[in-house]
Amino acid sequence: LGRLELAVSRPGFVMKGRSTAALIRDVNEWHRQTRFAAAYRNLPKVWKPVAIPDFEHLVGIGENAVLYSIRQLNKQSQLFEEGNAMNHCVASYIGKCVAGSSSIWTLEAYPTRMAPKKQLTIELNSSKTIVQVRGKCNRLPTREETALLRIWMGQSGLKSLVF
């Protein structure tokens with residue numbers, strides 16, 4: 001049944017209108033995700049979060065307001081979802097998170113009347129130091145995102161090696 005569940009992970013998938021290159025790309029991605037899942041199968045699915053509180057910061061007022069949230073990801077499924085949404089390899093950090101040498105955080109924006117948007121993935125080491133920050137497709141943080149991270153650092157007693 002496990003193989004069948006992986007095969008049906010994209011209900012509604014159809015071949016019509018797909019190029020050979022697109023199909024090969026999808027097959028390769030499916031194989032990559034299957035290898036990831038197999039590599040972490042024996043590790044805990046959930047690990048103890050580090051003792052840093054989640055963070056929220058409101059920018060603007062009224063309909064132009066945006067609530068920014070930084071929260072910790074401490075489940076395998078969350079790291080897989082983050083990696084898929086942001087198109088980067090954060091799921092490969094599961095072992096480091098389980099061992100306690102890293103914690104992974106996500107920065108999301110909640111604009112008024114709009115769907116939430118993932119902004120950044122943040123890695124902290126065990127010394128509460130930001131060691132890596134990446135946006136979608138491994139882009140670097142913007143000036144505005146860096147300013148938010150600095151506010152979070154000040155409130156949470158964090159340090160940074162990246163800015």
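Residue numbers start at 1 and run along the sequence shown.
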- Query: Are Tyr110 and Leu148 connected in the hydrophobic side-chain network, where two residues link if heavy atoms are under 4.5 Å apart?
  - Reply: no

- Query: Any link between Val66 and Leu107 through a network of hydrophobic side chains (Ile, Leu, Val, Met, Phe, Trp, Tyr) touching at under 4.5 Å?
  - Reply: yes

- How many angstroms lie between atom CZ of Arg41 and atom CD of Gln76, to the nearest 0.5 angstrom? 10.5 Å

- Do Leu79 and Cys97 have side chains that get closer than 4.5 Å, going by heavy atoms? yes

- Note on the structure: Scanning both residues in full, the closest heavy-atom pair of Thr112 with Ala65 reads OG1-O, 3.0 Å

- Task: Mind jotting down which residue pairs meet the side chain to side chain donor-acceptor pair (under 3.5 Å) criterion with at least one end in residues 150-163? Sequence neighbours excluded, please.
- Result: Trp152-Ser156

- Note on the structure: CD (Gln78) and NZ (Lys45) are apart, to the nearest 0.5 Å, by 14.0 Å

- Same apolar cluster: Val46 and Phe80, side chain cutoff 4.5 Å: no

- Query: Hey, is Glu63 close enough to Arg113 for a salt bridge, meaning N to O under 4.0 Å?
  - Reply: yes

May I have the list of side-chain donor-acceptor pairs in residues 48-62 shorter than 3.5 Å, sequence neighbours left out?
unit_1, atom_1, unit_2, atom_2, d
Asp54, OD1, Gln72, N, 3.4

- Do side-chain atoms of Glu108 reach the backbone of Arg71 as a donor and acceptor pair under 3.5 angstrom? no

- Item | For the student: nearest non-hydrogen atoms of Trp47 and Lys75, plus distance | CH2-C, 3.4 Å

Enumerate donor-acceptor pairs with a distance under 3.5 Å from any side-chain N or O in residues 120-127 to protein atoms, sequence neighbours excluded.
unit_1, atom_1, unit_2, atom_2, d
Thr121, OG1, Glu82, OE2, 2.6
Thr121, OG1, His88, NE2, 2.9
Glu123, OE1, Gln132, NE2, 3.0
Glu123, OE2, Lys96, NZ, 3.0
Glu123, OE2, Ser102, OG, 2.7
Asn125, OD1, Ser127, N, 2.9
Asn125, OD1, Lys128, N, 3.4
Asn125, OD1, Thr129, N, 3.1

- Query: Between atom CD of Glu145 and atom CG of Leu140, what is the distance when rounded to the nearest 0.5 Å?
  - Reply: 10.0 Å

- What's the shortest heavy-atom distance between Gly83 and Val90, and which atoms? N-CG1, 3.5 Å

- Out of curiosity, Ile104 CD1 to Leu73 CG, how far, rounded to the nearest 0.5 Å? 7.5 Å

- Would Ile70 and Leu149 satisfy side-chain contact (heavy atoms from CB on, under 4.5 Å), going step by step from the backbone distance to the final call? CA-CA 9 Å; Ile70 299 176; Leu149 293 174; 4.0 Å; yes

- Task: Identify whether Tyr93 and Trp105 are in the same connected component of the hydrophobic contact network (ILVMFWY, side-chain heavy atoms under 4.5 Å).
- Result: no

- What is the distance from atom CG of Asn87 to atom NZ of Lys118, rounded to the nearest 0.5 Å? 13.5 Å

- So if you build clusters from Ile, Leu, Val, Met, Phe, Trp, Tyr with side-chain heavy-atom gaps below 4.5 Å, do Met86 and Tyr68 land together? no

